[in-house]
Amino acid sequence: MSKAARDPNTPIGPDPTRGPAERARELRRLIAYHSNRYHQLDDPEIPDADYDLLVDELRAIEESHPELVVEESPTQTVGAPASTLFAQAPHRVPMMSLDKVVSLDDLLAWGARTKRLLDLDDEQAEQLRLVCEPKIDGLSISITYDHGRFVRAATRGDGRVGEDVTDNVRTIKDVPLELALDESELPADLEVRGEVYLPIVAFQELNARQQAAEDRLFANPRNAAAGSLRQRDPKVTAGRALSIFTYQVVSGDSAPAGAGQASSGAAAVRLETDAAIGHQSASLDLLRRAGFPVNPKTRTVTGLDAVFAYCKELEAERHALGYEIDGIVVKIDDLSLHRRLGATSHAPRWAVAYKFPPEERTTLLEAIMVSIGRTGRATPFAKLTPVLVGGSTVSLASLHNQDQVALKDVRPGDTVVVRKAGDVIPEVVGPVLSERPKGLEPWHFPTACPSCRGALVRLEGEADTYCVNLGCPGQQIQRIAHFASRGAMDIEGLGEQRVRQLIDAGLISDAADIFSLTVEQLSGLEGYAEISARNLVAAIDASRSRPLPNLLVAMGIRHVGGTVAQELSSVFGDLDGIMSASEEGLAAIPGVGGTIASSVVGHFGTKRNRAFVERLREAQVSFGTQKVSDLPQVLTGKAVVVTGTLEGYSREGAEEAVTGRGGKSPGSVSAKTMALVIGSNPGASKLSKAEQLGIPILDEEGFGRLLETGELP
Ligand code: IVH
């Protein structure tokens, strides 16, 4: 496939400039192929977002060419026909899909349409009660109870006929076999709908077991859940830790207008519970009382502003939930309004799905390259045609090591699935095999370092490959750039590109050399005016007095990050103390231990590293005691974690404000954390951990008071 052949921002497939009839046929073929992989094989090749783009494109063609619409078009149907693997299970009330929106503006438009359809005035619209529920990424299920006893379970299928998976659903521990309702509340007949899903930990454990058994791996928890439920042998399902969240008590009125024919008079079906339940929120209460899991994040709110706030909150938290959600479902609370609004051919008008931006997309893998890190580690990475995924444009993604490339069997020229979830670095999930051009060769790990052409060596039993030439310029660049980076010597203007330029110009060959750079030398280089040369020399000069923990981090000692560096600095006070400490002495320090101690001793035991230290001393870099703070030591022994962007402090500034008062500012929340300070866009995992552990959460104002007094506000 040529580089230009595929723009990842348009759907997979041939040139869409061909005639609309031909493109519509092609799209239906592609959609049928991917729908089969998703619904029948539980093994999709492309992400949902790419699939949705295919359907959206077909819908657009059909809208401008209504003559091309055919009854069986995927734009007119829900899900996929039930497979022959199970007995058929017709639904009394069709299981519908949901209309989706992808922005808060679209959500506003849904609100405006609903207001118009219900003929509400502004105040009534503002007072509209809405139930917000996480949109669980699993598979929908209908479960029927007869006089409180579980009798039948069915998948959605095409919405009218599902698959009878009664014996499999019976094995799911969270599904009650007897309803926990009093006689007075117990309906003769109850149909409950919800989503079967696999918690993320269970998914990871399942894939680990599959790998050990050399069985196929599941692409994500949703497919693992579907594959686990749709098993011939219910014993296999029983071993899969499936869970469920329920969200609907079905009444005949859930049926769409005109859906009656196919669902044998569904509109006439009116279950007994319906009379008693007037609201979605009350349905959820009933489900809880009956013993079903109902999602704890569900919230009933008034008006769309509160829905927006809920969407933002849940989006920030989504990676800390322990199960996957792909959006939020907003439902009108009052069921009588459901009846007034009715449904389109495939979705009710009383609900809408707000979908989060996709975290997986396909794009072209243009090349696999290898980067050399400061320790010489050779890391393969993917150069991709830029694609918008997980909220940012991704053009590079790590492939980790040689075995990972082989395992995923991704080849330059492949269309690949790229994943970017939250703060995690982008990842290449795997190739889309149906898109692989014929004759594409597997990729082989290079034998020579791309920087110095020296040998790349992989030791027996190790996953990583290294360039073992200590003089390799690739390694040097990374070592120096690390030395100058934030959290280390923090030298503004000395990034990787500049370092490369200085090495190429023969002005430096290691980090100690930077201290003898002059304005005259720099001014002669491309891209430096006298002012930028002066600025860099000044920034280098300022770095001479960085606190000891920064210097330790800058040295790049294995296992010595910011927290350990702080600990060593506060115990020993200066670099000479650390260099002459014994391994036992170091290992005895809390938070240090044997591995770090031996790494520190090993580092300073090397002649080359000692010589480097002496050159820094000559360059008058401070090895001194941590600046003893004249600030009140109100946080001695306390740990305060900071997350998100604060207005009045940089991240380092906030951490220094804590350490300057005798406290610690570790990178993660634990039971020992005194408080979590949150700015805008806080890390979801820190936030949810703090909530779980009941750690006080402070905003910037609360942080200010904590710094002043050492007391929680
Ligand atoms: S309500 C008639 N609520 O999303 C609409 N659906 O894209 C009934 N889903 O088929 C669905 N979480 O499988 C509803 N809280 C939730 C949901 C949810 C996940 C799934 C469900 C549905 C699909 C539509």
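Each ligand, and each atom within it, is numbered from 1 in the order the structure gives.
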>> Both conditions, 6.0 Å and 45 degrees, for the charged tip of Arg240 above the ring of Phe203: are they met here?
In response: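 So Arg240 doesn't make the cation-pi contact.
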>> Are the side chains of Asn295 and Glu133 in contact, using a 4.5 Å heavy-atom criterion?
In response: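 Side-chain contact under 4.5 Å: no.
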>> Please give me the minimum heavy-atom distance between Pro221 and Ile200, naming the atom from each residue.
In response: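 Closest heavy-atom pair between Pro221 and Ile200: CG-CG1, 4.4 Å.
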>> My understanding is that only residues two or more places apart in sequence, or in another chain, count here; which of them pass side-chain hydrogen bond (donor to acceptor under 3.5 Å, both in side chains) with Arg288?
In response: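 Partners of Arg288 under the side-chain hydrogen bond (donor to acceptor under 3.5 Å, both in side chains) test: Asp285.
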> Mind checking what residues have non-hydrogen atoms under 4.0 angstrom from ligand 1?
Replying inline: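 Residues within 4.0 Å of ligand 1: Met96, Leu98, Glu133, Pro134, Lys135, Ile136, Ser140, Arg156, Glu195, Tyr247, Gln248, Val329, Lys331, Pro348.
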>> Test: ring pair (Phe, Tyr, Trp, His ring centres under 6.0 Å). Region: residues 98-123. Which pairs qualify, not counting sequence neighbours?
In response: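 Output for this query is empty, none listed.
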Donor-acceptor contacts under 3.5 Å from residues 302-313 side chains, at least two apart:
from	atom 1	to	atom 2	distance (Å)
Thr302	OG1	Arg129	NH1	2.8
Tyr310	OH	Lys297	O	2.8
Glu313	OE1	Arg299	NH2	2.7

